K.L.:
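Please see the structure below; I have some questions.
Since we're looking at a predicted model, the values are computed, not measured.
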Amino acid sequence: MLTEQYPNGDLVYDHLAFRTLGVPGLGIDSLAPTFLELGWRARDELRFPAKKLRARWFAPPCPSLPRIFISELLVGEVDAAAREAIAATLGATPRTLLARHSLLAAAGGGTPWPAPSRAQYAAVAAKSEYGAWVLANGAALNHTTLSVHAMRDVAGLDDLIGRLQGAGFALNAEGGAAKVSPDGLLRQASTRADARLFSFSCGASALVPTSYIEFAERLVLPEFQGLAEDQVQEHHRREGFEVGNADKIFESTYSSKAA
């Protein structure tokens, strides 16, 4: 639908999101250097105690590039069965290999560790569907986010949600289709994740969640409300991320919510 409406590739990307595991050789600090070396700047850290996650976002070197959002599962906080399943899956893969090649492996559609068994995947999913997603998908792009305020002929997020639902897209309804920050200036929505057939190391196969699309509308900050529409730039809009919004967006890949 959107590619037909914007055939020249002029959609604007708000941010790209990646997931990882908080263990030696992985974690936010294993993915961040790639972006830091290219000019992105580390910004705020966010915590999600109930989901045992932490995240950090990175500001781009120029406004035409997307923000980067990297999150990790705090593996030390999940139960013993899930920790053991993660450790068994990662196995003897050298930690330096994990750190250097997670993104490269993801670009080739794989992970730098062997596939988990179905039992290992289930043990992790029972305590953290986020963690199970990473075991199957590695550092693959978790989701890409489009800037709603940059879309021509779209009257805000609610208008876009109506169009997507009318076109048959399944949206993440956790907390409502629109996730809104307390200040009302950051409004987000997402599709439910696609699924793919995954082959476990034990020979079994099953559908597992993969990636999805998010939509973000950043409204103009109060101090810039007087600007004419053609004068508004990205830095005049609400910046950063919101824990309450992101907490619900994470659930786009939960198996019960996958498309």
K.L.:
Evaluate side chain to side chain donor-acceptor pair (under 3.5 Å) for Ser252 paired with Asn172, printing each intermediate quantity in order.
P.N.:
CA-CA 6 Å; Ser252 299; Asn172 172 0; 3.0 Å; yes

K.L.:
Find the distance between CZ (Arg67) and OG (Ser147) and round it off to the nearest 0.5 Å.
P.N.:
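Spacing of CZ (Arg67) from OG (Ser147) equals 6.5 Å.
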
K.L.:
Between Ala195 and Leu207, what is the shortest heavy-atom contact and its length?
P.N.:
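Closest heavy-atom pair between Ala195 and Leu207: CB-CB, 4.3 Å.
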
K.L.:
I'd like to know if Arg163 and Asp159 make a salt bridge, using a cut-off of under 4.0 Å between side-chain N and carboxylate O.
P.N.:
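Here Arg163 pairs with Asp159 in a salt bridge, since their nearest N and O are under 4.0 Å apart.
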
K.L.:
Could you tell me if the ring centre of Phe69 sits under 6.0 Å from that of His143?
P.N.:
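For Phe69 and His143, the ring centres are not under 6.0 Å apart.
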
K.L.:
Any donor-acceptor pair under 3.5 Å linking the side-chain atoms of His149 with those of Glu234?
P.N.:
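Yes, because at least one side-chain N or O of Glu234 sits under 3.5 Å from a partner of the opposite role on His149.
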
K.L.:
Should Ile249 and Leu73 be counted in the same cluster of Ile, Leu, Val, Met, Phe, Trp and Tyr side chains packed under 4.5 Å apart?
P.N.:
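Different clusters.
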
K.L.:
Is the distance between the ring centroids of Trp40 and Phe35 under 6.0 Å?
P.N.:
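For Trp40 and Phe35, the ring centres are under 6.0 Å apart.
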
K.L.:
When you check the gap from the basic side-chain N to the acidic O, do Glu251 and Lys51 get nearer than 4.0 Å?
P.N.:
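Yes, charged N to carboxylate O under 4.0 Å.
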
K.L.:
Checking side-chain polar atoms at under 3.5 Å, does Glu217 have a donor or acceptor matched by the opposite partner on Gln188?
P.N.:
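Distance-only check fails for Glu217 and Gln188.
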
K.L.:
Give a yes or no answer on whether the side chain of Asn137 reaches the backbone of Ala140 with a donor-acceptor pair at less than 3.5 Å.
P.N.:
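Pair absent, no side-chain N/O of Asn137 close to backbone of Ala140.
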
K.L.:
Walk me through whether Leu146 and Val12 qualify under side chain to side chain contact (heavy atoms under 4.5 Å, CB included).
P.N.:
CA-CA 6 Å; Leu146 301 176; Val12 176; over 6 Å; no

K.L.:
I'd like to check Phe250 versus Asn142 (side-chain heavy atoms, cut-off strictly below 4.5 Å). Are they in contact?
P.N.:
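A side-chain contact is absent here, since even the closest heavy-atom pair is not under 4.5 Å.
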
K.L.:
Are Tyr13 and Val154 joined in one hydrophobic group, where the rule is that I, L, V, M, F, W and Y side chains link up if heavy atoms are under 4.5 Å apart?
P.N.:
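Yes, Tyr13 connects to Val154 through the hydrophobic network.
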
K.L.:
Look up atom CD in Glu129 and atom OH in Tyr121, then write down how far apart they are to the nearest 0.5 Å.
P.N.:
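That separation rounds to 7.0 Å.
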
K.L.:
As an exercise, state the distance from CG of Leu160 to CG of Asp153, rounded to the nearest 0.5 Å.
P.N.:
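Nearest 0.5 Å value for the CG-CG distance: 12.5 Å.
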
K.L.:
Say whether Ile86 and Trp133 are linked into one hydrophobic cluster, either directly or through other cluster members, by side-chain heavy-atom distances under 4.5 angstrom.
P.N.:
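Yes; tracing contacts between hydrophobic side chains, which count when under 4.5 Å, links both residues.
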
K.L.:
Counting C-beta onward and ignoring hydrogens, is there a side-chain heavy-atom pair between Ile68 and Leu31 closer than 4.5 Å?
P.N.:
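They are not in side-chain contact.
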
K.L.:
Return the CD1 to CH2 distance between Ile28 and Trp57, rounded to the nearest 0.5 Å.
P.N.:
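The CH2 atom of Trp57 is 14.0 Å from CD1 of Ile28, to the nearest 0.5 Å.
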
K.L.:
Is Arg218 positioned over the aromatic face of Phe241, cation under 6.0 angstrom from the ring centre and no more than 45 degrees off axis?
P.N.:
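That pair qualifies as a cation-pi contact.
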
K.L.:
Working to the nearest 0.5 Å, report the span between OG of Ser102 and CZ of Arg19.
P.N.:
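It is 15.5 Å, given to the nearest 0.5 Å.
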
K.L.:
Is the shortest distance from a Lys or Arg side-chain nitrogen in Arg187 or Asp158 to a carboxylate oxygen in the other one below 4.0 Å?
P.N.:
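Between Asp158 and Arg187 there is a salt bridge, with a charged N closer than 4.0 Å to a carboxylate O.
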
K.L.:
Can you tell me if Lys248 uses its side chain to pair, donor with acceptor, with the backbone of Ala189 under 3.5 Å?
P.N.:
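No.
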
K.L.:
Identify whether the distance between the nearest side-chain nitrogen and carboxylate oxygen of Glu77 and Lys52 falls below 4.0 Å.
P.N.:
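No.
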
K.L.:
Kindly compute the distance separating OG (Ser128) from CZ (Arg83), expressed to the nearest 0.5 Å.
P.N.:
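Nearest 0.5 Å value for the OG-CZ distance: 13.0 Å.
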
K.L.:
Applying salt bridge (Lys or Arg N to Asp or Glu O under 4.0 Å) to Arg56 and Glu72, what does each step give before you reach the verdict?
P.N.:
CA-CA 9 Å; Arg56 184 176 292 280; Glu72 69 178 21; over 6 Å; no

K.L.:
Kindly determine whether Val220 and Leu227 satisfy side chain to side chain contact (heavy atoms under 4.5 Å, CB included), including the steps that lead there.
P.N.:
CA-CA 9 Å; Val220 176; Leu227 290 175; 5.7 Å; no

K.L.:
Carefully, step by step, assess Leu53 and Tyr130 under the rule side chain to side chain contact (heavy atoms under 4.5 Å, CB included).
P.N.:
CA-CA 9 Å; Leu53 306 174; Tyr130 175 109; 3.6 Å; yes

K.L.:
Please tell me whether Thr145 and Glu214 have a donor and an acceptor in their side chains that are separated by less than 3.5 angstrom.
P.N.:
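The criterion, which ignores hydrogens and geometry beyond distance, is satisfied for Glu214 and Thr145.
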
K.L.:
Looking only at atom types and distance, does a side-chain atom of Ser205 sit under 3.5 Å from a main-chain N or O of Ser199, one as donor and one as acceptor?
P.N.:
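Between the backbone of Ser199 and the side chain of Ser205 there is no qualifying donor-acceptor contact (under 3.5 Å).
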
K.L.:
Under 4.0 Å between a Lys/Arg side-chain N and an Asp/Glu carboxylate O for Glu239 and Arg237?
P.N.:
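Between Arg237 and Glu239 there is no salt bridge, as every charged N stays at least 4.0 Å from the carboxylate O atoms.
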
K.L.:
Should Phe58 and Ile70 be marked as a side chain to side chain contact (heavy atoms under 4.5 Å, CB included) after you check the CA-CA gap, both sets of side-chain angles, and the distance that decides it?
P.N.:
CA-CA 8 Å; Phe58 300 80; Ile70 307 175; 3.8 Å; yes

K.L.:
Would you say Lys127 has more than 12 foreign heavy atoms packed within less than 6.0 Å of its NZ?
P.N.:
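No, because the 6.0 Å sphere around NZ of Lys127 holds 12 heavy atoms or fewer from other groups.
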
